[in-house]
Amino acid sequence: MKTHQLFIDGTYRDAKSGKTFDKISPATGEKIAVVHEALAEDVNDAVMAADAALKGEWGKMPKAARCDLLMRLADAIQARTPDFIEAEVADTAHTRHFAEKVEIPRGAANFRIFAEMLKHTGGEFYHMDTPDHTGAVNLELHRPKGVIGVISPWNAPFLLMTWKVGPALACGNTVVVKPSEESPYTATLLGEVMNEVGIPKGVYNVIHGFGPGSAGELLTQHPKVSGITFTGETRTGEAIMKQAAVGLRDVSFELGGKNPAIIFADADMDKAIEVTMRSVFANTGQVCLGTERVYVERPVFDEYVSRLKAGAEALKHGGPETPGATIGPLISDEHRRKVLGYYDKARELGAKVVTGGGMPQFNDERQGGFFVDPTIWTGLPEDSAIVKEEIFGPCCHVTPFDTEEEVIAMANDTTYGLSATILTENLSRAHRVGGQIEAGLVWVNSWFLRDLRTSFGGSKSSGIGREGGLHSLEFYTERSNLCMKL
Ligand SMILES: NC(=O)c1ccc[n+]([C@@H]2O[C@H](COP(=O)([O-])OP(=O)(O)OC[C@H]3O[C@@H](n4cnc5c(N)ncnc54)[C@H](O)[C@@H]3O)[C@@H](O)[C@H]2O)c1
Ligand SMILES: O=C/C=C/C=C(\O)C(=O)O
């Protein structure tokens, strides 16, 4: 039985709390690991180790040397791709293809992009006139924020945790990572690679546990933690904001979404189906940027629904060991109950269930896994819970529309503002409509294309702040303006 320990000050160790919890396989429902739960003393040990590292070798390291070390870390992650694939797949039951092609390469890229950027980016400089006409110069200086608490979710564990740790370390901070209780493996494994490449002890620390009353909450309240970067549910973000308020801890939030796809009659329908089959069903719908609302211009509504139905019904359920599987299980029985609750609610509200709406039956080990049917609904009003609330499963509601004004209004009529995707072959329409969607990311004729130099994040209930590229400097550094009289 695998055991996941804490990783504190460069060393793996059991939790002083003496508490552990089980990790269950999403593919089979069987216990696959025991995880050590960090409580107050463990959390304090991790934060104090991170604080000490700021004042030690790491804090004194020249920026170029720090960035070179992170580039070596990216290479070392790449070299251990097979180990990270097995770890991610064990926790999430993702396909090895998804882990190999998306998740692990992004883990390396998330260090590389910020190391390269920080190494080659200059800063702001302003010359000003002065009353005595001798002038003055202003230099915008950046220094590390300090110890950063990183709290990450289970839906893309390694990608999302490194998306935060990469810029945090590139900017000279140290981190204490609290991965989701559902996905401890890759964050723990990364400690080995940190030691292999020579990242000083205490720079990267991993504590395991839950949120309220556990490691997560304790981390957000620790006086030596200077900022919390969090990815997860909106309501969790609200809780963390309250927890972090005492001490005025800065926060960077990437939260939930209820993302629209808009398909105009002039769209390339093959492309529209290819894009939305991914944006609705990839990772079993457990993608914050995924589509749960589809708006289709009326002339092509029936064709679209019929083709999406065919695509959904062609998906093959299975875990990483199931040959040819194209849709996996949800992460946990608890999450499956949440998604099935929405499936029941849709029926109660009178939705037309185009396909799905329940869970598949198997006569093999998959029967113990947390599988649900890929599901498509039509016919519900825009104010229904199915159209307003994030479900985070392999499902979508499809609504017809007649005009641009109507569909823009429907797309924006949400408390979220994370992402959207627009399918049209009309360039001016893509600019016109795309510029009016209230979301952090809008794709045209594509989905989940990610340039890591761009800003990433959501508005309204989808987040606070932007990370990505130089935008990450806003959260991971403290600015000073040095004004020198000439
Ligand atoms: N915007 C994005 O980039 C993005 C990316 C991925 C997932 N998400 C969102 O994440 C959610 C799914 O992930 P999840 O179920 O793990 O989210 P979650 O909010 O339940 O948990 C996320 C993390 O927060 C911790 N946590 C929970 N309560 C806490 C508290 N009170 N204090 C401190 N830590 C706490 C959890 O232990 C976990 O590590 C979805 O809503 C999805 O939309 C958003
Ligand atoms: O499920 C959400 C996925 C988020 C992806 C990113 O944060 C990213 O691509 O940087």
Side-chain angles (χ1 to χ4, degrees), residues 21 35 37-38 43 91-92 102-103 105-107 109-110 113 149-164 166-167 177-184 187 206-222 225 228-244 249 251-259 279 282-290 292 330-332 334-335 338-339 389-393 416-419 439-441 447-459 461-469 472:
F21 58 93
V35 191
E37 180 181 3
V43 172
D91 274 354
T92 62
V102 178
E103 293 179 292
R106 267 296 305 276
N110 289 343
I113 185 75
V150 177
I151 301 178
S152 49
W154 47 256
N155 61 305
F158 193 59
L159 185 158
L160 291 165
M161 179 271 292
T162 54
W163 177 238
K164 310 282 190 176
V177 174
K178 209 298 288 176
S180 170
E181 52 276 21
E182 294 294 351
S183 53
V206 180
I207 54 175
H208 296 299
F210 304 89
S214 185
E217 180 174 1
L218 293 164
L219 181 61
T220 59
Q221 296 173 325
H222 194 290
V225 170
I228 297 288
T229 181
F230 165 72
T231 295
E233 292 197 16
T234 297
R235 65 165 184 268
T236 306
E238 291 166 346
I240 289 174
M241 205 161 189
K242 289 176 190 158
Q243 292 162 195
R249 213 148 287 114
V251 294
S252 173
F253 284 168
E254 293 173 6
L255 306 176
K258 190 68 177 183
N259 311 309
S279 69
N283 197 19
T284 318
Q286 299 167 124
V287 182
C288 59
L289 300 163
E292 292 195 0
L330 297 171
I331 189 71
S332 66
E334 178 190 1
H335 187 55
K338 171 189 170 186
V339 172
E389 296 172 17
E390 179 183 61
I391 299 171
F392 217 56
Y416 292 106
L418 186 55
S419 79
L441 300 93
W447 178 71
F448 209 85
L449 287 181
R450 289 278 293 114
D451 182 326
L452 306 186
R453 297 166 296 183
T454 59
S455 69
F456 181 91
S459 48
S461 296
S462 290
I464 293 177
R466 293 292 187 272
E467 297 193 23
S472 293

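The chain is numbered in sequence order, starting from 1. Each ligand, and each atom within it, is numbered from 1 in the order the structure gives.
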Donor-acceptor pair, [X] side chain versus [Y] backbone, under 3.5 Å?
| X | Y | result |
| --- | --- | --- |
| E292 | F392 | yes |
| S462 | G256 | yes |
| K178 | G209 | yes |
| R466 | S252 | no |
| Q286 | I331 | yes |
| S152 | M161 | no |
| E390 | G257 | yes |
| T162 | L159 | yes |

Closest to [atom] (judged by heavy-atom distance), picking from [options]:
| atom | options | answer |
| --- | --- | --- |
| atom 23 (C) of ligand 1 | S180, G211, S152 | S152 |
| atom 34 (N) of ligand 1 | G216, P157, G237, S419 | G216 |
| atom 31 (N) of ligand 1 | K338, E254, Q243 | Q243 |
| atom 10 (O) of ligand 1 | C288, G232, G149 | G232 |

Given that the side chain starts at C-beta and the backbone is N, CA, C, O, which of these parts of [X] lies under 4.0 Å from ligand 1, counting heavy atoms, or is it both or neither?
| X | result |
| --- | --- |
| T231 | both |
| V287 | neither |
| P179 | backbone |
| L289 | neither |

From CG (N155) to NE2 (H335), nearest 0.5 Å: 8.5 Å
From I151 atom CD1 to L219 atom CG, the distance as rounded to the nearest 0.5 Å: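 If I round to the nearest 0.5 Å, the distance is 5.0 Å.
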Return yes or no for this condition: an N or O of [X] is under 3.5 Å from an N or O of ligand 1.
| X | result |
| --- | --- |
| E233 | yes |
| K178 | yes |
| S462 | no |
| E390 | yes |
| L255 | yes |

Can you tell me the protein heavy atom closest to [atom] and the distance?
| atom | result |
| --- | --- |
| atom 28 (N) of ligand 1 | T236 CG2, 3.2 Å |
| atom 12 (C) of ligand 1 | F392 CE2, 3.6 Å |
| atom 13 (O) of ligand 1 | P153 CB, 3.4 Å |
| atom 16 (O) of ligand 1 | W154 CD1, 3.0 Å |
| atom 7 (C) of ligand 1 | N155 OD1, 3.3 Å |

Mind checking what makes salt bridge (Lys or Arg N to Asp or Glu O under 4.0 Å) contact with E103, not counting sequence neighbours? none
Give every pair made of an N or O atom of ligand 2 and a protein N or O atom lying under 3.5 Å apart, one pair per line with both atom names and the distance to 0.1 Å, or write 'none'.
| from | atom 1 | to | atom 2 | distance (Å) |
| --- | --- | --- | --- | --- |
| ligand 2 | 1 (O) | N155 | ND2 | 2.6 |
| ligand 2 | 1 (O) | C288 | N | 2.7 |
| ligand 2 | 9 (O) | R106 | NH1 | 2.8 |
| ligand 2 | 9 (O) | R450 | NE | 2.7 |
| ligand 2 | 10 (O) | R106 | NH2 | 2.7 |
| ligand 2 | 10 (O) | R450 | NE | 3.4 |
| ligand 2 | 10 (O) | R450 | NH2 | 2.9 |

4.0 Å heavy-atom contact, P212 with ligand 1: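 In this structure, P212 qualifies as a contact of ligand 1 - some heavy atom is under 4.0 Å.
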Under 4.0 Å, counting heavy atoms only: does F253 come that close to any atom of ligand 1? no
[X] heavy atoms, cut-off 4.0 Å: which ligand 1 atoms fall inside?
| X | answer |
| --- | --- |
| I240 | 32 (N), 33 (C), 34 (N) |
| E217 | 32 (N), 33 (C) |
| I151 | 23 (C), 24 (O), 25 (C), 33 (C), 34 (N), 39 (O) |
| F456 | 3 (O) |

Student check: side-chain heavy atoms of [X] and [Y] closer than 4.5 Å:
| X | Y | value |
| --- | --- | --- |
| Y416 | L255 | no |
| M241 | I464 | yes |
| N259 | W447 | no |
| V225 | T220 | no |

How would you list all residue pairs meeting salt bridge (Lys or Arg N to Asp or Glu O under 4.0 Å) that involve residues 150-162, not counting sequence neighbours? none
Tell me, please, which residues at least two apart from F210 pass ring-ring contact (aromatic ring centres under 6.0 Å, His included). F21
Donor + acceptor pair across side chains of T231, K164 (<3.5 Å):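 A pair is found: one side chain offers a donor N or O, the other an acceptor, under 3.5 Å apart.
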Atom 21 (O) of ligand 1 protein-contacted, heavy-atom criterion under 4.0 angstrom: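 So far as the 4.0 Å threshold goes, atom 21 (O) of ligand 1 is out of reach of every protein heavy atom.
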